[in-house]
Amino acid sequence: MSAKGLFEKVWTIVTHVPEGQVVTYGQIAVLLGNPRAARTVGWALHSTPDLLDIPWHRVINSAGRISTDCGEHSPTVQRQLLEQEGIVFDARDRVDLDRFQWRPPLELIESILGE
DNA sequence: ACGGTGACGAGAT
DNA sequence: TATCTCGCCACCG
């Protein structure tokens, strides 16, 4: 069960994002120690096996906007899921990151990186 | 093995 | 503030 690729680490992290909070692609990249791999994080989520059942909708971009645009993971669905959790979008369809961005406990990150 | 690809992001205009 | 541009890098055929 060792940590294989970056993809699996991304999925593991997203699994821990609590309801009512969000993370950004870039933030996940930083947590993983690859601050410039934000695009790769996005790609990892694009190829998320649905059977993993991870809260993919809690990942948005650094502007506080929804980037999703593929199949069942549509922007509309993602927004609805987030609003159901109490997350608020402003008039420009943005989430206030100061208010809703997740600040993961350091020990959680260490345990994920050290798997 | 190697290059195209993408749910990004920061800086420039 | 809204767009546009370009660099980024793990995957997979």
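Residue numbers begin at 1 in each chain, while the letters A, B, ... track the order of the sequences. Treat the numbers as computed from the prediction; the structure is a model and nothing was measured.
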What's the [atom1]-[atom2] distance between [X] and [N], to the nearest Å?
X	N	atom1	atom2	answer
A:Trp43	C:dC11	CH2	P	8 Å
A:Phe7	B:dG6	CZ	C1'	9 Å
A:Arg65	B:dG9	CZ	P	13 Å
A:Arg39	C:dT5	CZ	P	14 Å
A:Ile66	B:dA7	CD1	C1'	11 Å
A:Leu32	C:dC11	CG	P	10 Å
A:Trp11	B:dA7	CH2	C1'	14 Å
A:Asn34	B:dC8	CG	P	17 Å

So if you build clusters from Ile, Leu, Val, Met, Phe, Trp, Tyr with side-chain heavy-atom gaps below 4.5 Å, do [X] and [Y] land together?
X	Y	answer
A:Leu97	A:Ile66	yes
A:Val17	A:Val88	no
A:Leu82	A:Val77	no
A:Leu31	A:Trp11	yes
A:Val22	A:Ile54	no

- Message: Within the 4.0 Å heavy-atom criterion, would you say A:Leu45 contacts the bases, only the backbone, or no part of the nucleic acid?
- Response: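 Base contact - A:Leu45 has a heavy atom under 4.0 Å of at least one base atom.
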Mind checking if A:Ser67 touches a base, just sugar-phosphate, or nothing, with heavy atoms under 4.0 Å?
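Contact class for A:Ser67: sugar-phosphate only.
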Does a side-chain N or O from A:Ser62 land closer than 4.0 Å to OP1 or OP2 of B:dC8, or not?
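The answer is no; no side-chain N or O of A:Ser62 sits under 4.0 Å from OP1 or OP2.
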For C:dA2 and A:Arg92 - does any side-chain N or O of the residue sit under 4.0 Å from the phosphate oxygens OP1/OP2?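 Answer yes for this pair, as a side-chain N or O of A:Arg92 is under 4.0 Å from OP1 or OP2.
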Worksheet item: Where the side chain of A:Ala37 is defined as all heavy atoms beyond and including C-beta, which of C:dC9, B:dT5, B:dG9 is the nearest nucleotide?
Response: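 Of all the options, the side chain of A:Ala37 is nearest to C:dC9.
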* Asked: Of the nucleotides C:dC9, B:dC8, B:dA7, which has the atom closest to the A:Ala38 side chain?
  ->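 The answer is B:dC8.
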